[in-house]
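Only one structure is covered here, and it is reproduced in the block below.
All of these numbers come straight from a predicted model, not from anything done at the bench. Only this structure's heavy atoms are used, side chains among them; waters, hydrogens and symmetry mates stay out. Just so we're on the same page: letters track the sequence lines, and every chain starts at 1.
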Amino acid sequence: MSKLQPVRGTHDLLPDRARAFRRVADAARTVAGRYGYHEMATPIFEFSEVFKRTLGDTSDIVTKEMYTFTDRSGAEVTLRPEGTAGVARAVISGGLAQRMPLKYFYAGPMFRHERPQKGRLRQFHQIGVELLGVGEPVGDVEVIALGAAILEELGVAGQTVLELNTLGNTGSREAYRGVLVDYLEARRAELSEDSVSRLARNPLRILDSKNPGDRAVVAEAPLLGDSLDDQSADFFASVRAGLDRLGIAYTLNPRLVRGLDYYCHTAFEFTTDALGAQGAVIAGGRYDGLVAQMGGPQTAGIGWAGGIERLSMLADEPDPPPRPIALVPVGPEAEAETLALADRLRRAGLVIELGYRGNLKRRLSRADRLDARAAVILGEDELARDVATVRDLDSGDQEEVALSALADRLALFS
RNA sequence: GUGGCUGUAGCUCAGUCGGUUAGAGCGCCUGGUUGUGGUCCAGGAGGUCGGGGGUUCGAAUCCCCUCAGCCACCCCA
């Protein structure tokens, strides 16, 4: 730690990366807007209680991954590990439940103290949407369709598949949980160490264990689908019918689960095999119990979050920034004049770079490195005649242009 | 949190049976043009060999610790 370095698992976003990130967030925001989901932002940190209540005291995120600290007034606060909790808190504290349904989009940094690896950082960035107040399956369909549309817009639809499952309503899930625990307890000796501890805490999670021994046990486990009551089965059938109608392909994955109590019915993930072990690029589900669990009114909810880092690794290259025009003064008089000229041209909407120092050769060389489209050379003799020399840096052609006509002439380059 | 691999110039990397001033390509700077870039030629700057400790006459090279990156587990976006 003696050398100056960024905190583990954090990265500087230099312009190229920043542009790739912005492309993901911008595409998502635009598409979400077409579905009526508008951007909101919650604070980057909340009272720790907000996350403990939504994520549960036993989840890994709460027990070992949160960036929690005491601020100068003694309050225990936490850098948000995910986005839904803050939105739910805002709905309650802002009295927003008066005007349901609520449709929100968000984008921003999240923080989890995990061991970094490909597609996983300690400060990472997510986009997400939340739909509150819609308990009908059409809400699930819309939210999933929105995710699919964003992936399409980003050009990653071909690299991802939609995995879908249902957890059923509370009664169905509790019934299944009992059946599953009974089954797993009977074969406890065959389970991995991790899964034995999950048995008490979060038994559904054992279903998607990667451990070969666990998988063998899970393969013969009772299926959640068999525990669904009529209401749960009908709900899921409606969701599937809606997706079919929209032509959104999916594969059923009965092992796709969410561990937390407030999740119910639909669970889904858009996954890829192009990112190593971090397969999920968008993941979400229905959380009808969340707002009530936080102390608000009973409120249906469904949403998803997507990893910007992961999506940007798959997405098409973002458009390059516009090529600049370089202003190249020769001599002190022209140098002074250039500052005002640059200002005028920028106000006209042009992208202008000033060479800050050096002779003509040096500044042209710099213009070339900046990938400038053209250079405006302004020397004493040009100045005396109120003209400038405009050099096309791609072709090498030069012409003299009256200063009054300069902006219009340069606009032809873009 | 666990395990494996890695860490030499801004970038990509060479260099270890321990031994004189640690190298290359690219990039950067200067000059070849006193008002003309990209190519070419010549020259130059730049490294506490991730950090700390140890072994040794001598460590980039061996040992220990530590930090970071990558990969997998765990967890998840």
Side-chain angles (χ1 to χ4, degrees), chain A residues 1-11 14 24 28 55 59-66 81-84 107-128 147 160 192-195 197-198 201-202 205 208-212 214 256-260 269-272 275-284 303-314 326 328-331 334 355 358-383 389-398:
Chain A
M1 252 279 280
S2 57
K3 201 175 180 179
L4 207 50
Q5 60 188 197
V7 172
R8 184 173 207 188
T10 68
H11 281 325
L14 270 22
V24 172
L55 298 170
S59 73
D60 275 21
I61 291 179
V62 169
T63 56
K64 41 190 211 197
E65 294 180 1
M66 292 206 309
E82 55 94 38
T84 304
M110 308 291 166
F111 305 84
R112 292 181 200 172
H113 190 101
E114 298 184 279
R115 186 86 167 255
Q117 66 185 77
K118 187 182 183 70
R120 188 216 283 178
L121 294 169
R122 289 187 174 181
Q123 176 178 336
F124 62 106
H125 300 79
Q126 287 188 331
I127 51 173
T160 57
S192 67
E193 202 177 315
D194 282 330
S195 287
S197 75
R198 279 187 284 224
R201 239 185 35 236
N202 205 344
R205 272 277 166 220
D208 64 356
S209 171
K210 290 178 186 173
N211 179 286
D214 290 346
L256 177 62
V257 294
R258 296 275 109 88
L260 307 177
E269 290 183 4
F270 289 89
T271 62
T272 179
L275 254 34
Q278 268 60 48
V281 293
I282 283 181
W304 54 252
I308 293 181
E309 282 82 356
R310 295 178 186 182
L311 288 167
S312 72
M313 283 189 275
L314 299 177
V328 180
V330 181
N359 56 22
L360 178 61
K361 175 189 170 80
R362 200 177 141 78
R363 295 197 201 213
L364 277 178
S365 170
R366 178 176 148 80
D368 190 63
R369 249 179 299 140
L370 292 168
D371 192 32
R373 180 65 185 81
V376 176
I377 300 166
L378 195 64
E380 310 292 319
D381 50 326
E382 279 103 341
L383 212 48
T389 300
V390 174
R391 181 178 177 85
D392 183 325
L393 290 175
D394 287 351
S395 68
D397 298 339
Q398 287 191 184

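Contact annotation for A/Gly331: no contact, since no heavy-atom pair falls under 4.0 Å across all strands. A/Ala367 comes within 4.0 angstrom of no nucleic acid atom, judged by non-hydrogen atoms across all strands. If you check every strand for non-hydrogen atoms under 4.0 Å, A/Leu378 touches nothing. At a threshold of 4.0 angstrom between heavy atoms, the contacts of A/Gly83 with the nucleic acid are absent.
Distance check on atom P: B/G43 versus B/A24 gives 12 Å, rounded to whole Å. Rounded to whole Å, the P atom of B/U55 lies 33 Å from the corresponding atom of B/C11. Using atom C1' as the reference point in both B/U61 and B/C17, the two lie 11 Å apart (nearest Å). Going from the P atom of B/A60 to that of B/U8 covers 15 Å, rounded to whole Å. Distance noted for atom C1' between B/U16 and B/A72: 29 Å (whole Å). Comparing the P positions of B/U39 and B/C28 gives an interatomic distance of 9 Å, to the nearest angstrom. Of the C1' atoms belonging to B/G4 and B/G18, the separation is 28 Å, rounded to the nearest Å. B/U33 and B/G46 have their P atoms separated by 27 Å, with the value rounded to a whole Å.
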**Message:** As a check on the pairing definition, encode RNA chain B in dot-bracket form, counting Watson-Crick and G-U wobble pairs whose two distances are under 3.5 Å, and using | for partners outside this strand.
**Reply:** (((((((..((((.....[...)))).(((((.......))))).....(((((..]....))))))))))))....
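A side-chain donor-acceptor contact under 3.5 Å links A/Arg122 to the backbone of A/Glu114.
No side-chain N or O of A/Arg362 forms a donor-acceptor pair with one of A/Ser365 less than 3.5 Å apart.
Between the CG atom of A/Leu370 and the CG atom of A/Leu393 there is a distance of 10.5 Å, given to the nearest 0.5 Å. Taking CD from A/Glu82 and CD from A/Glu65, the interatomic distance works out to 12.0 Å, rounded to the nearest 0.5 Å.
Following rounding to the nearest Å, A/Glu193 (CD) and B/U2 (P) show an atom-to-atom distance of 14 Å. In this structure, CG of A/Leu370 is placed 16 Å from P of B/G27, rounded to the nearest angstrom. Regarding A/Lys118, its NZ atom lies at a distance of 13 Å from the C1' atom of B/G69, rounded to whole Å. Rounded to whole angstrom, the span from the CD atom of A/Glu114 across to the C1' atom of B/A72 amounts to 14 Å. For the pair A/Asp214 CG and B/C73 C1', the interatomic distance rounds to 12 Å; values are reported in whole Å. Between A/Met66 atom CE and B/C76 atom C1' there is a gap of 15 Å when expressed in whole angstrom units. Taking atom CG of A/Asn211 as the reference point, atom C1' of B/G3 lies 15 Å away to the nearest angstrom. Atom CG of A/Asp194 is separated from atom C1' of B/U2 by 10 Å (rounded to the nearest Å).
Nearest heavy atoms, A/Gln126 versus A/Gly83: OE1-N, 4.2 Å. Nearest heavy-atom pair across A/Arg198 and A/Ser192 is NH2-OG, 4.5 Å. When all heavy atoms of A/Arg363 and A/Gly358 are compared, the closest pair comes out as NE-O, 2.7 Å. Taking every heavy atom of both residues into account, A/Phe124 and A/Glu309 meet most closely at CA-OE2, 3.3 Å. Of all heavy-atom pairs spanning A/Ile127 and A/Ala107, the tightest one is CG2-CB, 4.0 Å. For A/Leu275 against A/Lys118, the heavy-atom pair with the smallest separation is O-CD, 3.9 Å.
When each of A/Lys64 and A/Gly379 is assigned the nucleotide of RNA chain B with its nearest heavy atom, A/Gly379 is the one assigned upstream, toward the 5' end. Sequence order on RNA chain B of the closest nucleotides to A/Arg8 and A/Glu309 puts A/Arg8 first from the 5' end.
For A/Phe124, taking side-chain heavy atoms from C-beta onward, the closest of the listed nucleotides B/C70, B/A77, B/C76 is B/A77.
Considering only side-chain N and O atoms, A/Gln117 lies nowhere under 4.0 angstrom from the phosphate OP1 or OP2 of B/C71. For the pair A/Arg115 and B/G69, the criterion of a side-chain N or O lying under 4.0 Å from OP1 or OP2 is not met.
Looking at residues two or more places apart in sequence or on another chain, you find a salt bridge (charged side-chain N to carboxylate O under 4.0 Å, His left out) between A/Arg373 and A/Asp392, A/Asp394.
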**Message:** Counting primed atoms plus P, OP1 and OP2 as sugar-phosphate and everything else as base, spell out the protein contacts along nucleotides 36-42 of chain B at 4.0 Å heavy-atom distance: B, S or - for each nucleotide, 5' to 3'.
**Reply:** BBB----
